[in-house]
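What follows is a set of notes on a single structure, which appears directly below.
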Amino acid sequence: MLNNIEKKLIVIAGPTAIGKTDLAFQIAKQLNCAIISADSRQVFKETTIGTAKPSSAYLNEIPHYFINHVSIHQPYNAGLFGQEALNKINYLHQTNNYVIIVGGSGLYINAVLHGLDEFIEVPIQIRENLNATYKTHGLVYLQEQLKKLDPIYFKKIDIQNPQRMLRALEIITHTNKSYSSFLNKKQLQHPFKIQSYVLETDRENLYNRINVRVDCMINEGIVEEAQQLFQYKHCNALNTVGYKELFQYFDKNISIDQAILLIKQHTRQYAKRQITWFTHQNTFTKVLIDDAKKALELVVKQVNS
RNA sequence: GGUACCUUAGCUCAGUCGGUAGAGCAACAGACUGAAAAUCUGUGUGUCCCUGGUUCGAUUCCUGGAGGUACCA
């Protein structure tokens with residue numbers, strides 16, 4: 001009973017290549033607890049080198065969850081992750097006071113920390129039909145539809161963003177109710193304490209780390225991995241930095257050198273988007289990663305206090 | 001060596017019938033409730049190669065030069 005107060009979820013977030021995996025591993029070793037990965041691409045079995053998964057040495061030493069969790073051929077999303085991860089956290093808390101969640105997918109982390117509204121799962125056919133409608137009728141048609149079917153949400157969302165419009169329309173089509181009628185989320189009450197950290201360093205250092213990491217991926221064989229997956233390039237899971245540029249190369253649209261430059265460039269842009277997201281989550285404590293030992297001590301000390 | 005064409009933003013290139021200039025990409029900033037490594041939005045960037053001439057005014061027209069590309073020799 002009293003124990004519940006001591007249960008903690010330690011959140012480690014930050015941009016790609018900043019060193020989340022290493023830090024989380026070291027913390028897990030010190031606290032003797034498991035790690036939950038909040039990474040929208042590491043969940044897939046087939047993508048390993050290109051998603052910079054933890055090494056097998058790490059995976060063997062500390063239990064990691066939601067890595068190699070599903071196949072690229074299965075649909076997976078933030079809603080599913082939120083539910084599954086929360087179940088897993090509660091399960092792990094039965095035998096351990098600590099659980100670490102680490103990753104760079106902001107929406108996935110938010111789905112766990114704050115929850116998402118409950119929507120009914122929409123059959124894939126509806127999305128495909130709507131995608132076809134968008135292709136033939138264009139964005140303005142989607143805007144007109146949404147304005148008619150859900151004027152409240154229409155005022156709220158970015159009507160230039162087709163993905164957002166299509167998401168709202170698929171819910172409306174499937175349920176015959178407005179999208180906004182589902183937006184009634186209650187504050188999630190967790191039976192554990194949350195301590196969240198976002199890793200930081202200066203931009204130049206981060207960009208150097210990204211460049212080095214991409215070169216490593218090339219040496220480790222990302223080209224061969226992508227070649228194997230080329231036949232499945234239509235999968236959403238493979239609409240991913242590192243793979244999509246190599247698919248361009250396989251299609252003979254660009255050279256391998258161009259592909260490598262583009263992977264670096266697109267990874268930098270992705271990292272910037274993550275920084276924008278996490279710096280606006282003001283519940284995160286900032287941790288400078290430049291001195292890894294100091295960062296580790298700081299987090300462990302705060303968790304134990 | 002000759003002829004033709006080219007030289008404009010970090011890159012690729014539009015354009016100005018003479019009134020000092022844009023697009024895409026990059027860069028930077030932002031948004032984001034089931035595609036989130038996805039998707040979307042905003043903001044600039046300049047000796048318009050140099051030189052002289054014509055002109056009220058030249059990046060634009062003319063002379064000469066430099067560099068590049070193609071073809072001919």
Side-chain angles (χ1 to χ4, degrees), chain A residues 13-18 20 37-44 47 49-53 70 72 74-85 103-124 126-128 130-131 134 139 142-143 153 156-171 174-175 179-186 188 203-204 207 210 213-214 217 222 226 234-247 254 258 261-281:
Chain A
T16 188
I18 200 169
K20 298 184 293 296
S37 162
D39 188 302
S40 72
R41 301 292 128 123
Q42 289 182 0
V43 284
F44 297 110
T47 51
I49 299 166
T51 60
K53 280 176 190 164
V70 292
I72 56 169
Q74 291 171 251
Y76 203 74
N77 59 50
L80 277 168
F81 175 80
Q83 289 167 18
E84 292 188 331
S105 301
L107 185 61
Y108 279 45
I109 291 175
N110 274 13
V112 173
L113 300 189
H114 311 299
L116 301 175
D117 281 303
E118 275 183 42
F119 289 98
I120 299 158
E121 207 62 29
V122 179
I124 193 113
I126 290 182
R127 174 172 293 189
E128 279 170 9
L130 280 164
N131 274 329
Y134 170 48
L139 185 65
L142 297 185
Q143 292 170 341
Y153 194 55
K156 217 172 123 184
I157 67 159
D158 177 4
I159 59 167
Q160 301 291 358
N161 191 328
Q163 275 188 10
R164 296 280 137 67
M165 311 279 290
L166 289 162
R167 168 62 183 161
L169 286 170
E170 73 178 15
I171 288 290
H174 186 53
T175 63
Y179 183 89
S180 44
S181 67
F182 291 91
L183 302 179
N184 49 13
K185 187 174 70 188
K186 284 180 245 138
L188 253 191
R203 198 64 67 87
E204 196 190 340
Y207 286 0
I210 287 171
R213 168 182 276 183
V214 173
M217 285 178 176
I222 190 183
H234 59 275
C235 291
N236 176 60
L238 297 176
N239 184 192
T240 299
V241 176
Y243 297 95
K244 55 184 174 185
E245 295 82 3
L246 288 171
F247 295 161
I254 55 176
Q258 283 174 306
L261 284 176
L262 282 176
I263 292 171
K264 290 175 179 175
Q265 186 173 90
H266 293 162
T267 304
R268 275 182 249 128
Q269 294 173 335
Y270 167 50
K272 172 59 178 74
R273 272 179 269 136
Q274 291 174 299
I275 291 169
T276 301
W277 176 286
F278 288 120
T279 53
H280 290 84
Q281 309 293 127

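Since the model is a prediction, treat every value here as computed from it, not as a measurement.
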B:A29 and B:G15, which share atom name P, separated by this distance in whole Å:
34 Å
Verify the contact: side-chain N or O of [X] to OP1 or OP2 of [N], cut-off strictly under 4.0 Å; return yes or no.
X        : N     : answer
A:Thr276 : B:G30 : yes
A:Tyr76  : B:G34 : no
A:Arg164 : B:U39 : no
A:His114 : B:U33 : no
A:Asn236 : B:G34 : no
A:Arg268 : B:C28 : no
A:Tyr207 : B:C28 : yes
A:Arg203 : B:A27 : no

From [options], nucleotide with atom closest to [X] side chain:
X        : options             : answer
A:Asn161 : B:A36, B:C40, B:G34 : B:C40
A:Arg273 : B:U41, B:G34, B:U39 : B:U39
A:Gln163 : B:G30, B:U33, B:A38 : B:A38
A:Val241 : B:A38, B:G34, B:G30 : B:A38
A:Lys272 : B:G30, B:G34, B:A36 : B:G30
A:Arg41  : B:A36, B:C28, B:U39 : B:A36
A:Pro162 : B:A38, B:G34, B:U39 : B:U39
A:Gln265 : B:A27, B:A38, B:C40 : B:A27

Quickly work out the [X] [atom1] to [N] [atom2] distance and round it to whole Å.
X        : N     : atom1 : atom2 : result
A:Ile159 : B:U41 : CD1   : P     : 11 Å
A:His280 : B:A29 : NE2   : P     : 11 Å
A:Gln274 : B:A31 : CD    : C1'   : 15 Å
A:Leu130 : B:G34 : CG    : C1'   : 15 Å
A:Lys156 : B:A31 : NZ    : P     : 16 Å
A:Ile254 : B:C25 : CD1   : P     : 16 Å
A:Trp277 : B:A38 : CH2   : C1'   : 12 Å

Scan [X] against the nucleic acid and name what it touches under 4.0 Å (heavy atoms): base, sugar-phosphate only, or nothing.
X        : answer
A:Asn184 : nothing
A:Asp39  : base
A:His266 : nothing
A:Gly106 : nothing
A:Ile171 : nothing
A:Thr16  : nothing
A:Asp117 : base
A:Tyr179 : sugar-phosphate
A:Gln269 : sugar-phosphate
A:Phe81  : nothing
A:Phe44  : nothing
A:Thr240 : base
A:Leu166 : base

Classify the ring geometry between A:Tyr179 and A:Phe119 as parallel (under 30°), tilted (30 to 60°) or perpendicular (over 60°).
parallel
Spacing of A:Gln163 atom CD and A:Leu142 atom CG [to the nearest 0.5 Å]:
12.0 Å
Those residues at least two apart in sequence (or on a different chain) that pass ring-ring contact (aromatic ring centres under 6.0 Å, His included) with A:Tyr207 are none
Pairwise side-chain contact, A:Glu245 with A:Leu261, heavy-atom cut-off 4.5 Å (strictly under)
no
All stems that RNA chain B takes part in, i.e. 3 or more consecutive Watson-Crick or G-U pairs with distances under 3.5 Å, are B:1-7 with B:66-72, B:10-13 with B:22-25, B:27-31 with B:39-43
Non-neighbouring partners of A:Arg213 that pass side chain to side chain contact (heavy atoms under 4.5 Å, CB included), sequence neighbours left out:
A:Thr16, A:Ala17, A:Ala52, A:Met217
